[in-house]
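To find a chain, count down the sequence lines: A is the first, B the second, and so on, and within it residues start at 1.
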Protein chains: 2
Amino acid sequence: MATLSDVARRAMVSKMTVSRVINHPEQVSPELRQLVYNSMKALNYVPNYVAQALVHHRTQVIKLLILEEMDTTEPYYMNLLAGIAVELDQRHYSLQLVTRSSHTICRCDGLIVTGMREDDYESIISRLEQPVILFGENMKGYDYVDVDNKKGMKITTEHVMAQGCSNILFYGIDIEEPFMLSRIAGYEETMKGKKLLPQINLMKNSSHIAQFEAEKVLKKISERVAFVCASDRLGIGVVHAAQRLGMAIPDQVMITGFDGVFLDRIAQPKLTTVRQPIVEMGKTCAKLLLDKIDQDGRSQGICVYKPELVIRNTTVH
Amino acid sequence: MATLSDVARRAMVSKMTVSRVINHPEQVSPELRQLVYNSMKALNYVPNYVAQALVHHRTQVIKLLILEEMDTTEPYYMNLLAGIAVELDQRHYSLQLVTRSSHTICRCDGLIVTGMREDDYESIISRLEQPVILFGENMKGYDYVDVDNKKGMKITTEHVMAQGCSNILFYGIDIEEPFMLSRIAGYEETMKGKKLLPQINLMKNSSHIAQFEAEKVLKKISERVAFVCASDRLGIGVVHAAQRLGMAIPDQVMITGFDGVFLDRIAQPKLTTVRQPIVEMGKTCAKLLLDKIDQDGRSQGICVYKPELVIRNTTVH
DNA sequence: GTATTTTTTGTTAACGGTAACAAAGTGATT
DNA sequence: AATCACTTTGTTACCGTTAACAAAAAATAC
């Protein structure tokens, strides 16, 4: 593997000139520059990122800190990772996946944190010395990337209303985190806007629990009903419930989910859901973080993605 | 962040002595060793892995090359990654996720490759210069980690037989890769062993296609039937088919899947499946690869995991 | 008690880059 | 032609670590 010195020798210039051609080409005369380019091409030169990292006091490693039990959201994270990976590779960074349990001393240039709960801000996030981007909205002033959760829930609620249903139940996850509060707010405001009574139900994010809850409700009900769920997992549970009771989807029961990652397509019928552009969001997390690192930790602000309503057969024919 | 020199100065020894305490402690007298340990502790010394990497001509990066369309197997890979990550973190390695499209020149110490198809061996894998561990059985002599696919299919087939069913259909994926051939063989041998007629059906790995196929079959059938599927995704499709036709699971229709990652638990009823210990397997991939790197590329052989039959309500009450 | 071996410690020079400074070349100004 | 300013190139030292060798100290032999 050719080094800077090899390139320099072949082009009959000093190492420094080669280094400059790479980093500050405008400082080198066109003739030498061309010589160096030729030499680089001939030797198939690729910079040694480890050596660069050493001089720059960098590690070229960023960590993805997943504070949530991973099991509960797997397909979601794989997409996030895919997005992050694309951006990191382009900029010669690599990744370490860490969880709450692995409290290694943090040899890295920056972190993307996700799945944080209220307590984590003080005990973990505020103590980090490196630049951080959070994946998930927060009100503590940290840079973050998220989808517009409130709007997402608004458009689904409006969608089922537009299908002519006014008996609309909300199924959410029983945690008091900003993303869930926003989803609840999106539902609640839309209902109140139409003078309808919000009916909010919070539970563990499990398809079986949602199924159990929905069966109880459906057994007692005769009119048309819609369940707007704060996750596809809950949505799938409700689909199962309706099917077990032999109720027609979407004629008797309408169901919507949230996330649009994988599970929505597994359901039968496929689930109407709010798709988050997770891969894109992963890319953005990485991009913001690397920029932040380059800019010595300067805040990069927040980035909120527009949610997209994907209409499928749990709400329309 | 304290460096070797800082530790050395505080302990009043040379840098080299500190380095030796870390790498070859037996070469240092007990007194100095203790001095150095004290100094390290006092300064909270952590080696700079970048500098180590530079002297050792390493990158401390390994790549996970996913040759398969990721979308089709997401939850699966997240588990694999989790396993890999644990091992890498412990040994101060980091990760790059790459796919077929990203053909970066391979600045890394080794690769874990997965989702490879027949063509890939010649065009990609054989050209890699770094140590490689494959995730998935192969007959080309590469080191690999996999579950015993044949045995997995054997035990499921035997399990449904033990439930008193002898009309057993196999639903597999229409690719001629070793893992699938092994699963087919496991089914076929077990059937022939009992003098039963194997019925093999291959299709795209999609729950909706499996549902479509199974509905066709189920409409024409009256006796009890079992579907042993080569993936949970196919299994879920068959569950949906049985439910749409109002057939009783497991009394009229028995269904089994394969993988035991995430999807099996989403199904309703939960799917009897063959669980692969994916996290464990990921760990092993990483461990073998890092050992291989340390041993200058020496073959590490293969590692085949015992599959575990998880019996649930698609085969028994 | 000196020569010889062995153990322990220190010195130097890498690894592959880059920043900071020094030197040489170029051209304009007087 | 001498001075100055500017551009272009090269030299040196350093980032934090380790291997290879050299030197010093300790242990052993005779």
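Computed from coordinates, the E26(B) CD to dT6(C) P distance equals 18 Å when rounded to whole Å. In this structure, N23(A) places its CG atom 11 Å from C1' of dA19(C), rounding to the nearest Å. R107(B) has its CZ atom 12 Å from the C1' atom of dC15(C), to the nearest Å. Rounded to an integer number of Å, the gap from NE2 of H24(A) to P of dT18(C) is 8 Å. The distance from atom CD of Q52(A) to atom C1' of dT18(C) is 9 Å, rounded to the nearest whole Å. Look at OH on Y49(A): it is 13 Å from C1' on dG17(C), rounded to the nearest Å. Distance L54(A) CG to dG17(C) C1': 8 Å, rounded to the nearest Å. Rounded to whole Å, atom P of dT18(C) lies 12 Å from atom CD of Q27(A).
Annotation: of the two residues near DNA chain C, M12(B) and A2(A), the 5′-most nearest-nucleotide partner is M12(B). Summary of the strand contacts: K15(A) and V55(B) both lie near DNA chain D, and taking for each the nucleotide with the nearest heavy atom, the more 5' one is attributed to K15(A).
Relative to the axis of its first five pairs, the axis of the last five pairs of the helix from dG1(C)-dC30(D) to dT30(C)-dA1(D) sits at 60°, rounded to 10 degrees.
Here dG17(C) is the nucleotide among dG17(C), dA19(C), dT11(C) with the atom lying nearest to any side-chain atom of T3(A).
Residues V28(B) and V36(B) fail the side-chain proximity criterion, which asks for heavy atoms closer than 4.5 Å.
Judged by distance alone, the side chains of E308(A) and Q276(A) never bring a donor and an acceptor atom under 3.5 Å apart. Checking Q130(A) against D109(A) by side-chain atom types alone, no donor-acceptor pair falls below 3.5 Å.
In summary, E122(A) and K140(A) do not engage in a salt bridge, as defined by a charged side-chain N under 4.0 Å from a carboxylate O. A salt bridge is defined here as a Lys NZ or Arg NE, NH1 or NH2 lying under 4.0 Å from an Asp or Glu carboxylate O, and D120(B) with R117(B) fails to meet this definition. In this structure, R33(A) does not pair ionically with E26(A), as no charged nitrogen and carboxylate oxygen lie closer than 4.0 Å. Note on K292(B) versus D143(B): salt bridge recorded, some NZ/NE/NH1/NH2 to OD/OE distance being below 4.0 Å.
Bounding nucleotides for the chain B contact on DNA chain D, 5' to 3', at a heavy-atom distance below 4.0 Å, are dG16(D) to dA20(D).
For CD of Q27(A), the number of neighbouring non-hydrogen atoms (other residues, nucleotides, ligands) closer than 6.0 Å is greater than 12.
Here Y45(A) lies in heavy-atom contact (under 4.0 Å) with sugar-phosphate atoms only. No engagement by V50(B) is indicated, since no non-hydrogen atom pair under 4.0 Å with the nucleic acid exists.
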query: Does the pair T59(B) and Y93(B) meet the rule for a side-chain contact (heavy atoms from CB on, under 4.5 Å), with working shown?
result: CA-CA 8 Å; T59(B) 62; Y93(B) 270 79; 5.8 Å; no

